[in-house]
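Data first, discussion second: the structure below is written as structure tokens.
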There are 2 protein chains.
Amino acid sequence: MMDEINMISKSQIIDKLKKAGVTPTQQRVEIGQILFAKPQHMSADQVLSVVNQTGPVVSKATIYNTLGLFAKKGLVREVIVDPSKVFYDSNTSEHHHFYDIDTGSLMDINNGQLRLESMPVLPDGTEAEGIDIVIRVRKSMH
Amino acid sequence: MMDEINMISKSQIIDKLKKAGVTPTQQRVEIGQILFAKPQHMSADQVLSVVNQTGPVVSKATIYNTLGLFAKKGLVREVIVDPSKVFYDSNTSEHHHFYDIDTGSLMDINNGQLRLESMPVLPDGTEAEGIDIVIRVRKSMH
DNA sequence: CAGCCATTTAGACAAAGTCTATTCCATTAA
DNA sequence: TTAATGGAATAGACTTTGTCTAAATGGCTG
């Protein structure tokens, strides 16, 4: 009721899932509603606790299954910057990240702000699947 | 005896540790000998099992303490590409990585092969601590 | 030799994520 | 309407990586 502003309607989520070839079950819509509400980075853990605050309970296994499925279907992107947990990024456009090592928070780098000069020669028999650039930052002490 | 070729002498390791301000204990030298034998990427787990194959037993806690210490002292670099484990890279010169998502293996990208066009504006009040570029690759199916 | 302090250790613990066997539920078929 | 089917969800056991703690060890210095 009070987060109406950032809400995406249930039918929009259902659409999004269908378009990606994901059967829109109640739990997946529930999770999508949290994940796609606004561009953001969440760990499985955070998703789990938010889902279970705002709606009917969804099990841990389903959270992991769903996040994995969403990632496979391109609805969400896994970001690996923290040795202890995976972040799921609902912004699937090409971009990279700042990672604040003090706070553990992730921020998008707008695309255009950062690009590679050239692509290196790949190892034999491989093809590129993706490029991740992470700029680690910390509070500056002036 | 038979890996003499890739061996670094104990005294070389001791030197390296001293220069970095690390007291060269027996265990640390043991671990250094494995880690610094050649440029390579190892997980804590791998170090643990190799150490305990080739020399006197070193406890798990000491492996983690030592790897953490080495990283802090710049003898080794932590590489985060796999959600489930940290790799320790004995190549501390500036460079980036290919990560084979099929095999889970890490390969260095020679520096000069890869550079950024420009540095993006950092978030307010932060300073850059480091940049990690990972090119994820997989077996190409031609 | 005695004392000191860093280091090492075993093993308990914690957290993220996986697995399995069962239950649930929506859809189709009769 | 009911029965059958198969994908999805579930609880909870389990695994793995890594951390913590309290006690034991060991190398120096006086």
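Within every chain, numbering begins at 1; the chains are lettered A, B, ... in the order of the sequence lines, protein sequences first and strands thereafter.
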query = Considering residues, nucleotides and ligands other than Lys139(A), do more than 12 of their heavy atoms fall under 6.0 Å from its NZ?
reply = yes

request  = Would you mind reading off the distance between Gln26(B) atom CD and dT9(C) atom C1', rounded to a whole angstrom?
outcome  = 14 Å

query = Nearest to the side chain of Val86(B), which nucleotide is it out of dG18(D), dA10(C), dC19(C)?
reply = dG18(D)

key: Presence of salt bridge, Asp102(B) and Arg136(B), under 4.0 angstrom   = no

note = By nearest-nucleotide position on DNA chain D, the 5'-leaning member of Ile63(A) and Lys60(A) is Ile63(A)

message = Whole angstroms only, please: what is the CD-P distance between Gln27(A) and dT23(C)?
response = 18 Å

query = Looking at the side chain of Ser59(A), which of dG18(D), dG17(C), dA11(D) is the nearest nucleotide?
reply = dA11(D)

Val50(B) and its side-chain contact (heavy atoms from CB on, under 4.5 Å) partner, picked from Asp45(B), Ile31(B), Ile34(B) = Ile34(B)

request  = Would you kindly give the CG-to-P distance between Leu48(B) and dT17(D), to the nearest whole Å?
outcome  = 10 Å

Whether Phe36(B) and Phe70(B) hold their rings parallel, tilted or perpendicular, with breakpoints at 30° and 60° = parallel

ask   = Taking atom P of dT16(D) as reference, at what distance in whole Å does atom CZ of Phe87(B) sit?
value = 16 Å

query = Could you state the CZ-C1' distance from Arg28(B) to dG26(D), rounded to the nearest angstrom?
reply = 13 Å

task = From the options dG12(D), dG18(D), dC20(D), select the nucleotide whose nearest atom is closest to the side chain of Ala61(B).
result = dC20(D)

task = Check the distance between dG17(C)'s P and Asp45(A)'s CG and give it to me in whole angstrom.
result = 8 Å

ask   = OP1 or OP2 of dT10(D) less than 4.0 angstrom from a side-chain nitrogen or oxygen of Thr62(A), does that happen here?
value = yes

ask   = Does the pair Asp15(B) and Lys10(B) meet the rule for a salt bridge (charged side-chain N to carboxylate O under 4.0 Å, His left out), with working shown?
value = CA-CA 9 Å; Asp15(B) 252 40; Lys10(B) 206 161 275 202; over 6 Å; no

request  = State plainly whether one hydrophobic cluster holds both Leu69(B) and Val51(B), where clusters connect Ile, Leu, Val, Met, Phe, Trp and Tyr through side-chain heavy atoms under 4.5 angstrom apart.
outcome  = yes

request  = Calculate the interatomic distance between Leu67(A) atom CG and dA16(C) atom P; express it in whole Å.
outcome  = 14 Å

query = Which ones in residues 69-83 of chain B lie close to DNA chain D, meaning a heavy atom under 4.0 Å from one of its atoms?
reply = none

Distance-minimising heavy-atom pair for Pro120(A) and Phe98(B) = CG-CZ, 4.1 Å

ask   = Which whole-number value in Å describes the distance from Tyr64(A) OH to dG17(C) P?
value = 4 Å

task = Determine: side-chain N/O of Thr25(A) to OP1/OP2 of dA9(D), distance under 4.0 Å, yes or no.
result = yes

query = Is Val22(A) touching bases, backbone alone, or none of the nucleic acid, heavy atoms closer than 4.0 Å?
reply = nothing

inquiry  = With a cut-off of less than 4.0 Å, is there a side-chain N or O of Thr23(B) near OP1 or OP2 of dT7(C)?
reply    = yes

